[in-house]
2 protein chains.
Amino acid sequence: MKDKIKARSVPFSQTRSRHASETAEDYVEAVMELIEEKGECRVLDLARYFNVSHVTVSRIVKRLYEEELLYTQPYKPVELTPKGNSLAKKVKERHAIVLDFLLELGVDKANAYIDSEGIEHHVGPSTLNAMKRFLKKR
Amino acid sequence: MKDKIKARSVPFSQTRSRHASETAEDYVEAVMELIEEKGECRVLDLARYFNVSHVTVSRIVKRLYEEELLYTQPYKPVELTPKGNSLAKKVKERHAIVLDFLLELGVDKANAYIDSEGIEHHVGPSTLNAMKRFLKKR
DNA sequence: TGGCAAATGTAGCAATGGCTACGGATAGTG
DNA sequence: CACTATCCGTAGCCATTGCTACATTTGCCA
Ligand SMILES: [Mn+2]
Ligand SMILES: [Mn+2]
Ligand SMILES: [Mn+2]
Ligand SMILES: [Mn+2]
């Protein structure tokens, strides 16, 4: 019985852990996209991208720099470290699969874009594979 | 072009908003389940359920009491208000559909339980309907 | 019924991510 | 070359959700 209760708590622990990585994942993905689009990624680009203040971005960039995901120097554009680049590639691929999956499932574009932005961070390898199989069958 | 940038930020705003409701949703669902199972829901039951300390639960219960989702009195079990009860029913139904959907998609039980716990909060009406249609077709 | 163990509350700390206000840096323009 | 607008950093506020340590209440049983 106690095992049952403990087992039940696992999904919540896992969800908290995933939420803790979510900001890093969204930021490296955004940096990669902005560099592709505009050639560089400024703090203000990220602020507009996420619809938050430049202060919020600035603090988070500093943290991700300490985690060695981003390069940053005062008043210079933000860049991806090799570690950040590799995470971004993985995250972008997963995000694209989740988005395609929702569209294929019949969700309209606007809602697929919205929901996939949150869902992507909660899709483990097992669910991701199931989504890939679904897409392949179409 | 600015419209495009602004439109891109909508999913992130929506995701932040959903995360802001997540605790309330998980708590009312847990209270309903624990009352069904044990006849009452104590602070420590919730702490074990979520794998957090009783202090964390106690503070959150106080907040949800102020939001009129829970009844709480010192050293007494926690109960659902009508508002909390109605939210719990809605949330439990959505969670069950997401879980069934993942299982039907071919995700193993353990991962379906884990992933659905996070995904549920990012499933809007449009995606929920798509999942229902998918389940009906099986 | 007295006392102990379990449950709950309170105080206070940390990390994260929102914000406004203000000040300094940078880069383009006249 | 100086001005000015834009960009960015810093200070400091708040809310949320984790935590430990300690105090208090409750309820059961010896
Ligand atoms: Mn993303
Ligand atoms: Mn995202
Ligand atoms: Mn949940
Ligand atoms: Mn989430």
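Residue numbering restarts at 1 for every chain, and letters A, B, ... go by the order of the sequence lines. Only this structure's heavy atoms are used, side chains among them; waters, hydrogens and symmetry mates stay out.
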Practice problem: Give the C-alpha distance, both sets of side-chain angles, the deciding distance and a yes or no for salt bridge (charged side-chain N to carboxylate O under 4.0 Å, His left out) between A:Glu66 and A:Lys62. | Solution: CA-CA 6 Å; A:Glu66 281 155 14; A:Lys62 190 173 295 172; over 6 Å; no

Practice problem: Would you classify B:Lys62 as touching base, sugar-phosphate or nothing, given that sugar-phosphate means primed atoms plus P, OP1 and OP2, and contacts are heavy atoms under 4.0 Å? | Solution: sugar-phosphate

Quiz item: Considering only D:dC8, C:dG18, C:dG9, which nucleotide approaches the side chain of A:Val52 most closely?
Solution: C:dG18

Quiz item: So which of B:Glu29, B:Glu37, B:Glu117 actually passes salt bridge (Lys or Arg N to Asp or Glu O under 4.0 Å) with A:Arg8?
Solution: B:Glu37

Quiz item: If only side-chain N and O atoms of B:Ser58 are considered, is one of them under 4.0 Å from the OP1 or OP2 phosphate oxygen of C:dG9?
Solution: yes

Quiz item: Taking atom P of C:dA7 as reference, at what distance in whole Å does atom CD of B:Glu40 sit?
Solution: 11 Å

Practice problem: Output yes when at least one side-chain N/O atom of B:Ser53 is less than 4.0 Å from OP1 or OP2 of D:dG18, else no. | Solution: no

Quiz item: In whole Å, what is the span from the CZ atom of A:Arg48 to the P atom of D:dC8?
Solution: 9 Å

Got a list of side-chain donor-acceptor pairs under 3.5 Å for residues 130-138 of chain A, not counting sequence neighbours?
none

Quiz prompt | D:dC7 pyrimidine/purine six-ring stacking with A:His54, under 5.5 Å and 30° | solution = no

Self-check item: Length of the line joining B:His19:NE2 and D:dA15:C1', which is rounded to integer Å
Solution: 16 Å

Quiz item: Tell me: OH of A:Tyr75 to C1' of C:dT26, nearest whole Å?
Solution: 8 Å

Practice problem: Establish, with yes or no, whether the OP1 or OP2 oxygen of D:dC19 is under 4.0 angstrom from a side-chain nitrogen or oxygen of B:Thr56. | Solution: yes

Quiz item: Given the rule in the salt bridge (charged side-chain N to carboxylate O under 4.0 Å, His left out) test, do B:Glu22 and B:Arg18 qualify, once you have shown the distances and angles that lead to the verdict?
Solution: CA-CA 6 Å; B:Glu22 176 160 347; B:Arg18 283 167 171 173; over 6 Å; no

Self-check item: Donor-acceptor pair under 3.5 Å, A:Arg59 side chain vs D:dG9 base
Solution: no

Practice problem: Using the six-membered ring wherever Trp is involved, compare the ring planes of B:Phe12 and A:Tyr49 and label them parallel, tilted or perpendicular (cut-offs 30° and 60°). | Solution: tilted

Quiz item: Please give, in whole Å, the distance from C:dC19 P to A:Ile60 CD1?
Solution: 10 Å

Quiz item: Of all the nucleotides listed (D:dT16, D:dC19, C:dT20), which has the minimum atom distance to the side chain of A:Val55?
Solution: C:dT20

Quiz item: To the nearest Å, how far apart are B:Arg63 CZ and D:dT16 C1'?
Solution: 7 Å

Quiz item: Rounded to whole angstroms, how far apart are CZ on A:Arg42 and P on C:dA25?
Solution: 16 Å

